[in-house]
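Structure first, then comments.
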Amino acid sequence: MDIRIVKADPARKEDYYDIMRDSNLYDHYGDVLFDIVDDALARESLLIGEKSDGEAVGLIDCRWKGMFEVFPYLSLIGVKKQYRGMGVGHDLLKTYETISRSLGAEKIFLCVDAFNPRARRLYVSQGYQKYGFIPSLFKKGCDENIMMKLL
């Protein structure tokens, strides 16, 4: 699927919430995801994958110095349910990597929930490796794998 990646428009935040609503992340974290989207909009760090008709089908929140205040950290990625498996997540991840490279990063990071094997498979297929595990990092019972990729 062809998408374009654009800077998020705060006026469309409900569209961005819709991306997250029908997901494993929402099942575990609920409306906290909307707070993350709102924060990313305020920081102007939210990027949106859109179809040619403007429909928002995916999003990423990139914190360019979010890991140890040095390395890029992918804080959030989401793809609308009906568009999963169509390459949207892959395109969003590639955008994160391309921008990170342009900023001179040699390492990039993300966390993936232990309950999300589909996302972990995507990251591993793109060269990310697990470097750590933190039980109940953001919420009790939601364990996180820390992953890194060398650029």
Side-chain angles (χ1 to χ4, degrees), residues 1-8 15-37 39-41 43-51 55-151:
M1 163 182 282
D2 288 328
I3 62 168
R4 64 186 177 124
I5 311 285
V6 299
K7 186 176 168 185
D15 293 338
Y16 310 149
Y17 293 170
D18 285 344
I19 292 169
M20 303 310 301
R21 276 194 178 99
D22 196 4
S23 68
N24 279 341
L25 286 176
Y26 190 80
D27 293 344
H28 287 85
Y29 293 107
D31 290 348
V32 165
L33 293 178
F34 303 153
D35 295 337
I36 295 169
V37 168
D39 180 62
L41 284 167
R43 284 184 290 97
E44 299 183 351
S45 63
L46 194 66
L47 299 175
I48 305 302
E50 291 184 345
K51 291 182 9 185
E55 180 184 1
V57 297
L59 61 77
I60 51 174
D61 176 26
C62 306
R63 300 184 186 210
W64 303 115
K65 291 192 176 205
M67 192 63 136
F68 311 116
E69 296 185 18
V70 176
F71 303 106
Y73 173 69
L74 183 64
S75 169
L76 182 65
I77 184 169
V79 175
K80 258 188 187 177
K81 185 175 184 175
Q82 64 265 40
Y83 298 104
R84 292 182 195 142
M86 297 179 161
V88 174
H90 180 266
D91 289 349
L92 291 166
L93 198 57
K94 286 298 178 193
T95 298
Y96 166 60
E97 294 172 7
T98 299
I99 294 171
S100 295
R101 270 190 199 90
S102 76
L103 295 171
E106 295 178 4
K107 298 173 186 168
I108 56 177
F109 291 84
L110 56 82
C111 286
V112 62
D113 290 284
F115 64 73
N116 200 346
R118 183 176 185 161
R120 184 168 180 190
R121 282 191 302 274
L122 169 65
Y123 305 140
V124 168
S125 77
Q126 297 305 303
Y128 290 80
Q129 295 181 341
K130 179 180 171 179
Y131 281 88
F133 178 81
I134 304 175
S136 300
L137 177 61
F138 298 111
K139 181 180 178 186
K140 186 174 175 92
C142 293
D143 304 330
E144 297 285 336
N145 296 288
I146 300 170
M147 302 188 81
M148 180 181 79
K149 180 175 180 176
L150 299 174
L151 296 179

Report task. May I ask you to check whether Tyr26 and Tyr17 place their ring centers less than 6.0 Å from one another? Result -> no

Query raised in the report: Do Ser136 side-chain atoms and Gly141 backbone N/O form a donor-acceptor pair below 3.5 Å?
Result: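 Yes.
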
Query raised in the report: Got a sec, which residues hit side chain to side chain contact (heavy atoms under 4.5 Å, CB included) with Lys51, two or more places apart in sequence or on another chain?
Result: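 Testing Lys51 for side chain to side chain contact (heavy atoms under 4.5 Å, CB included), a comparison that skips the adjacent residues, returns Met1, Asp53, Glu55, Val57, Tyr83.
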
Residue pair [X] / [Y]: nearest heavy atoms and the distance that separates them:
X      : Y      : result
Lys81  : Asp22  : CD-OD2, 2.9 Å
Ser100 : Leu151 : CB-CD1, 4.0 Å
Ala56  : Ile48  : CB-CG2, 3.7 Å
Phe115 : Cys142 : CE2-SG, 4.0 Å
Asp143 : Pro135 : OD1-CA, 3.2 Å

Any chance you could measure [X], atom [atom1], to [Y], atom [atom2], to the nearest 0.5 Å?
X      : Y      : atom1 : atom2 : value
Lys7   : Glu44  : NZ    : CD    : 3.5 Å
Glu144 : Leu137 : CD    : CG    : 5.5 Å
Arg63  : Arg43  : CZ    : CZ    : 3.5 Å
Met20  : Ile77  : CE    : CD1   : 9.0 Å

Query raised in the report: Angle class for the Phe138/Tyr29 ring planes (parallel below 30°, perpendicular above 60°, tilted otherwise)?
Result: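 Perpendicular, since the angle between the ring planes exceeds 60°.
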
Report task. Would you tell me whether Tyr123 and Asn145 have side-chain atoms, one donor and one acceptor, within less than 3.5 Å of each other? Result -> no

What donor-acceptor contacts under 3.5 angstrom involve side-chain atoms of residues 102-111, with partners at least two apart or in another chain?
| unit_1 | atom_1 | unit_2 | atom_2 | d |
| --- | --- | --- | --- | --- |
| Ser102 | OG | Ile99 | O | 2.7 |

[atom1] of [X]: more than 12 outside heavy atoms within 6.0 angstrom?
X      : atom1 : result
Lys65  : NZ    : no
Asp27  : CG    : yes
Arg118 : CZ    : no
Lys94  : NZ    : yes

Query raised in the report: In this structure, which one of Leu59, Leu33, Val37 forms a side-chain contact (heavy atoms from CB on, under 4.5 Å) with Ile19?
Result: Leu59

